[in-house]
Amino acid sequence: MGLVDDLKKAGKTLLRKDVLQAPFVQEVCKTISNMYRLGWDERNGGNISCLLDEKEVADYLDLNNVIRTFPLAGVYENAFDVTPLLGKIFLVTGTGKYFKNVEDDPETNLGIVRIAQNGVELLWGYKDGGRTTSELPAHLMCHMARLKVDPENRVVMHTHPTNLLAMTYVHKLDTNKFTHTLWQMSTECIVVFPDGVEVLPWMLCGTNEIGVATAEKMQSARVVVWAMHGIYGAGKTLDETFGLIETVEKASQIYMLTAHLPRVNTITDKQLKQLVELFKVDVRKGILS
Ligand code: 13P
Ligand code: ZN
């Protein structure tokens, strides 16, 4: 390489901005702290992945500088098809990392990775030698499923909200019944998640199987409940996805506060239909009578 090339490279490096100040890193940190404070993410519970814009990332990182590569895998090292995501860049929480610590040390607890045929290319983060969440199969499979339905989908969020988890112990694990109960728990629910929530029975987490099952459910709803474990949400932005889960969790809380008491009042199906009409939402079929 000649002197001119050397100077060009040095110039680019000097112009590159500090990734810790990038809006996508800062917003993930704030969201994660918020989730931790809500008590949803004990220990290393929960994980987030955000699809980033390559051009935006290039303002902060040298995209030709792959720090290391590791297998594209969850708890087991068996591969899965990621063809539609090849070359895409994601910000992903690290496996075993505590949400409590992310905001204070993003570079250890988060990673920016590019999906490649033979594995995950690390462009930034996981400073202590870490790697992507063990739920990577479910995350990437959900991204693929949601992008087919909504090309603007960017975020997949998994967390362990307390009341939702409690509800999966005492409520029938039937998608329609679960959705109907949640819709009745506060007026805003049917407007915020008219597509309802899909419910999966207990399954082994971190596996390709739970990834396939979750992604399949994500074709028809942005929220998938993992019985006795937690929830998956998907959306265009962190705010939208967080708000979706927050609304489901609030409804679950109302349910858990009232389920053992005599139900004197409720929101009727007729009233739910009025909300659907007023807010012109595309409501999931087969639930309202
Ligand atoms: P990770 O620490 O691998 O992200 O796993 C946390 C979790 O919630 C598993 O479902
Ligand atoms: Zn989990």
Side-chain angles (χ1 to χ4, degrees), residues 13 16-36 40-54 56-80 82 85-144 154-160 205-208 210-211 230 232 238 241:
T13 308
R16 225 165 263 136
K17 297 189 261 181
D18 177 7
V19 70
L20 290 172
Q21 302 305 321
F24 47 84
V25 171
Q26 299 233 328
E27 206 188 340
V28 162
C29 287
K30 281 194 192 126
T31 306
I32 283 179
S33 292
N34 216 354
M35 294 164 77
Y36 173 69
W40 298 355
D41 297 282
E42 72 294 336
R43 202 173 181 274
N44 63 312
N47 24 75
I48 294 182
S49 59
C50 299
L51 178 56
L52 303 179
D53 178 58
E54 189 183 306
E56 201 182 343
V57 182
D59 287 343
Y60 299 90
L61 301 175
D62 176 0
L63 301 184
N64 295 315
N65 182 32
V66 175
I67 300 167
R68 59 191 159 91
T69 305
F70 45 85
L72 223 156
V75 281
Y76 301 124
E77 296 221 341
N78 43 357
F80 51 98
V82 284
L85 298 179
L86 287 177
K88 299 259 188 262
I89 298 176
F90 290 89
L91 176 57
V92 191
T93 51
T95 185
K97 301 300 185 220
Y98 291 25
F99 270 25
K100 175 173 79 69
N101 299 334
V102 175
E103 199 164 13
D104 284 339
D105 188 1
E107 201 173 347
T108 301
N109 296 289
L110 303 174
I112 294 180
V113 298
R114 185 168 48 212
I115 308 304
Q117 195 81 49
N118 53 348
V120 178
E121 297 175 340
L122 181 64
L123 301 174
W124 174 83
Y126 307 144
K127 207 172 64 178
D128 62 351
R131 56 188 254 183
T132 40
T133 172
S134 62
E135 301 291 4
L136 193 69
H139 276 261
L140 295 186
M141 289 180 201
C142 285
H143 276 285
M144 291 188 273
R154 289 279 173 278
V155 178
V156 172
M157 191 180 277
H158 165 60
T159 178
H160 303 165
C205 55
T207 60
N208 289 0
I210 201 168
Y232 266 74
L238 279 162
T241 315

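These numbers were taken from a predicted model, which means no experiment stands behind them. Heavy-atom basis, side chains included; hydrogens, waters and symmetry copies ignored.
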Side chains of L136 and V120: does their closest heavy-atom pair fall under 4.5 Å?
yes
Shortest non-hydrogen contact from Y76 to A73?
O-CB, 3.3 Å
When rounded to the nearest 0.5 Å, the distance separating SG of C50 from CE of M157 is 7.0 Å
Spatial distance of atom CZ (F80) from atom OG1 (T207) [nearest 0.5 Å]
11.0 Å
Within this structure, what is the NE2-OG1 distance for the pair H158 and T133, rounded to the nearest 0.5 Å?
7.5 Å
Name all pairs fulfilling the salt bridge (Lys or Arg N to Asp or Glu O under 4.0 Å) condition that reach into residues 117-126, sequence neighbours left out, sorted by first residue then second.
R114-E121
What pairs with E54 under side chain to side chain donor-acceptor pair (under 3.5 Å), at least two apart in sequence or on another chain?
none
For H143 and S49, which I'm curious about, is there any donor-acceptor pair between the side chains at under 3.5 Å?
yes
What distance do Y126 atom OH and E107 atom CD have between them, rounded to the nearest 0.5 Å?
12.5 Å
Could you list the donor-acceptor pairs under 3.5 angstrom formed by side chains in residues 22-32, with sequence neighbours left out?
residue : atom : partner : partner atom : Å
Q26     : NE2  : L20     : O            : 3.1
Q26     : NE2  : Q21     : OE1          : 3.3
T31     : OG1  : E27     : O            : 2.7

Which atoms form the tightest heavy-atom contact between F70 and G130, and what is the distance?
CE2-O, 4.4 Å
With sequence neighbours excluded, tell me which residues meet ring pair (Phe, Tyr, Trp, His ring centres under 6.0 Å) with W124.
none
Count the heavy atoms of every other residue, nucleotide or ligand shown that sit under 6.0 Å from OH of Y36, and state whether that count exceeds 12.
no
To the nearest 0.5 angstrom, please state how far the OG1 atom of T159 sits from the OH atom of Y232.
10.5 Å
Heavy-atom pair with the smallest gap, counting every atom of N78 and N208:
O-ND2, 3.2 Å
Of the non-hydrogen atoms in L63 and A58, which two are nearest, and what is the gap between them?
CD1-CB, 4.0 Å
Quick one: closest heavy-atom pair of N44 and G96, and the distance?
CB-C, 3.5 Å
Which side-chain N or O atoms in residues 86-94 pair as donor and acceptor under 3.5 Å with protein atoms at least two apart or in another chain?
residue : atom : partner : partner atom : Å
T93     : OG1  : I48     : N            : 3.0

Which of V113, D62, V66, I67 passes side-chain contact (heavy atoms from CB on, under 4.5 Å) with L123? It is V66
Under the salt bridge (Lys or Arg N to Asp or Glu O under 4.0 Å) definition, can you give me all pairs with a residue in residues 122-142, not counting sequence neighbours?
E77-R131, K97-D128
Can you give me the closest heavy-atom contact between C205 and V75, atom names plus distance?
O-CG2, 3.9 Å
Let me confirm one number: the CD-NZ distance from E56 to K17, rounded to the nearest 0.5 Å.
8.0 Å
